[in-house]
Amino acid sequence: MKKASDSYDKLKYLRLLAREYPSIAEVCTEIVNLKAILCLPKGTEHFISDIHGEYEAFLHMLKNASGVVREKIDLLYEDKLPLSERNMLATLIYYPEAKLDELAAQGVINGEWLMLTISRLVEICRVSASKYTRSKVRKALPRGFEYIIEELLHATDNSNQAGYNREVVNAIIETERAEDFIIAISGLIQRLVIDKLHIVGDIFDRGPGAHIIMDALESYHQVDIQWGNHDLLWMGAAAGCSALVATTIVNSLKYGNLDTIEDGYGISLSPLVSFALEVYGDDPCYRFMPREIEASLDSRSATLIAKMHKALAIILFKLEGEIIDRNPAFGMERRKLLHRMNLKEGTVELEDGVYPLSDTYFPTLDPADPYRLTPGEEEVIDKLTLAFDHSQKLQRHVEFLYSRGSMYLCCNDFLLFHGCIPSDENGEFSEVELFGKRCSGRELFDRADALARQGYFAREGTPERQQGLDFLWYCWCGKLSPVFGKNRMTTFERYFVADKDTHTETKNPYFTCGESPEFALKILREFGIESEEGRIINGHVPVKIKKGENPIKAGGRIIVIDGGMSKPYQLQTGAAGYTLISSSTGITLSCHEPFVTAREAISTEADIHSSQTLVESYYKRRLVSDTDDGRAIKERVKDLKSLLEAYRTGLIKGAKV
């Protein structure tokens, strides 16, 4: 019975496939095409994590492909062009519009320059496109120049075509389309040098332009995202979790950076401003002053931000108390500290003793019911939560995070996740109870992924929606959260207790166990990666290069790619971000120095300086057939051969030609 059922299902599938390929000729053509694709070199993949709103540095890394574009320029012209001309050519590819304007103002651009520059750009583009099929390149061609670029890319230098090629470029110049052509082909080069982009978490917070990064990712040709704790924070805020709304704003106030909230997403903080000035107008709020990374805030603005910061922090602690009470299985009782304060004595009782408070001014706190919001606080948080819900751009970006993102990804023998696999000191995966179900390892990640989606997509007002929202909060600060990775978050203590011993946050044992190759192999096997060449790619924890830390751990099994792209981390790390590059010839880790600004990069033709570490050089070039896409193509070929057999045996009717 089962065999009959299987045969029926297979026939049903083949009939569906026949709609796409209705003749023997079309099936044969597709088999030939797919088998040829398997023999091409695999596309180049780039892995980047912990961008934290640093949009100028990130966008530059996309434009220069973390140094790959410059490598191709040097490959072609190192012995032919001086360094200054190669620098100009690289900058032109990265910022074609702005560089053309600058060169025009300098009087550099003329017919000869255009002819030479276009010819060089075509040559660079030809090298960049060489590992792809004509069909794939054709789909990437910019509108308006499809025919011209395709002709030039596949032109030869023989005498029959040399004049033709030269005349094509002459015609582009004569019709005054040369600058538009340069802009178009520069964008094509940028697209071709990165086949796939993997973002291993934390697009948001700290830096000024998370919304700009999200705009760029939305239009990127192939990208996936493994959610980080800061991404899940914003996803939960957009879903309507008031505690996470408060947290996103508190984080922005902490760094004196409201660009993403106000300018990027059009969220007005005026209700918070009015409330903070009314309630905390006479409070200097010294402990809540923003961290002025570039000293760009005047004292008046900094003082206002401090008052807003304190007002919202107290609201946040009250809201978190409700979540903790609702979810005792989270084990987060130690984070509830408002009821442990003795304002008369000016102390707070922590787990290991009683400590003096550095601030005792809490005008909205009722000692008899410390977690109850005042009417003013309730009005503020309701308005802010509504503003997050009504921000169309934020909601669009969050929906993109859900559609392209996940808690983890297995891809081409890489296991990608942002934080950690919660574990104990012995390297055993920790069990976490989530709404009555205990899970660990891969099952924990699958459960976390489902709950994160539940928090956004479940019907409002249902228990499922509330569970999902509460879990998104747990992801941010939970002691066994796979994206937080610490035993606790000491936010309250850092605000109100001067003793720094109380500020300690201990990393999950995963990070020490992660030095062991055996532990790394155990994780890879847990997630179904059996290859001896499997690797884990993490972000989340900045690698302090200046202190001798190595991003390559567990004998090369784990690679941590948080190199401190966020400016606040750069003094600690001694670097400004990593890019892991997986090409057909090997795996390279590129360590970047701080980026200046796009404007300076254009005017001085300065690139991000990067040092490269070869992680692995393949003894044999990797082909598409060696990838996950290749395995899928092989399955497709197998299905097409079955359809071909069905046509030839008359099982399915189809045309011969």
Side-chain angles (χ1 to χ4, degrees), residues 20-46 65 68-69 71-73 75-76 93 118-169 171-172 177 180-197 219-223 412 582-585 621-637 639-641 657:
E20 192 174 351
Y21 305 98
S23 71
I24 289 176
E26 286 174 291
V27 174
C28 291
T29 299
E30 184 64 0
I31 290 173
V32 170
N33 176 49
L34 293 176
K35 294 198 75 172
I37 289 172
L38 290 171
C39 297
L40 288 171
K42 75 174 283 292
T44 301
E45 300 172 82
H46 283 228
V68 173
V69 171
E71 286 179 10
K72 294 189 182 301
I73 292 172
L75 176 70
L76 289 167
I93 292 171
I118 288 174
S119 299
R120 289 169 179 168
L121 290 174
V122 168
E123 195 170 6
I124 295 166
C125 191
R126 187 179 294 128
V127 170
S128 302
S130 61
K131 63 168 63 174
Y132 304 119
T133 63
R134 287 195 181 192
S135 174
K136 185 166 183 174
V137 174
R138 191 179 299 120
K139 291 173 184 176
L141 294 175
R143 287 188 177 182
F145 290 105
E146 299 99 317
Y147 172 76
I148 295 172
I149 292 178
E150 187 168 20
E151 285 289 294
L152 291 173
L153 287 183
H154 301 292
T156 62
D157 293 329
N158 65 54
S159 57
N160 293 326
Q161 283 200 325
Y164 169 79
N165 300 338
R166 188 168 52 253
E167 190 53 40
V168 168
V169 178
I172 294 170
R177 292 279 284 158
D180 290 334
F181 181 87
I182 288 171
I183 293 167
I185 199 167
S186 296
L188 179 59
I189 293 168
Q190 292 178 29
R191 175 167 180 167
L192 292 174
V193 289
I194 302 177
D195 188 42
K196 290 182 181 178
L197 177 64
S219 60
Y220 207 73
H221 54 277
Q222 193 161 355
V223 61
N412 296 333
S582 171
S583 70
S584 61
T585 58
R621 195 172 195 186
R622 294 293 168 87
L623 306 178
V624 172
S625 62
D626 301 313
T627 67
D628 291 345
D629 287 345
R631 285 184 274 276
I633 289 172
K634 289 173 187 176
E635 285 297 314
R636 184 73 164 178
V637 169
D639 292 341
L640 286 167
K641 286 183 175 179
V657 293

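- More than 12 heavy atoms of other residues, nucleotides or ligands shown are found within 6.0 angstrom of NZ on K634.
- Between the CD1 atom of I194 and the CD atom of Q222 there is a distance of 12.0 Å, given to the nearest 0.5 Å.
- For Y132, there are no ring-ring contact (aromatic ring centres under 6.0 Å, His included) partners two or more places apart in sequence or in a different chain.
- By the 4.5 Å heavy-atom criterion applied to side chains, E71 and L75 are not counted as neighbours.
- With rounding to the nearest 0.5 angstrom, the OG atom of S582 is 3.5 Å from the NZ atom of K42.
- Separation of atoms SG (C28) and CD (E26) is listed at 10.5 Å; rounding is to 0.5 Å.
- With a 4.5 Å cut-off on side-chain heavy atoms, L34 and L640 count as touching.
- The distance from atom CD1 of I172 to atom CD1 of I148, rounded to the nearest 0.5 Å, is 5.0 Å.
- With respect to R636 and E20, a salt bridge is recorded, a charged nitrogen being found less than 4.0 Å from a carboxylate O.
- Using a 4.5 Å heavy-atom threshold, the side chains of F181 and I149 count as touching.
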For a quick test of your reading: what N or O donor-acceptor pairs under 3.5 Å do the side chains of residues 183-193 make, sequence neighbours left out?
residue : atom : partner : partner atom : Å
S186    : OG   : I182    : O            : 2.8
Q190    : NE2  : I93     : O            : 2.7
Q190    : NE2  : Y94     : O            : 3.4

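- The distance from atom NZ of K131 to atom OG1 of T44, rounded to the nearest 0.5 Å, is 3.0 Å.
- Using modelled atom types and a 3.5 Å distance limit, the side chains of S583 and T585 yield a donor-acceptor pair.
- Counting heavy-atom neighbours within 6.0 Å of R138 CZ, excluding the residue itself, gives a total above 12.
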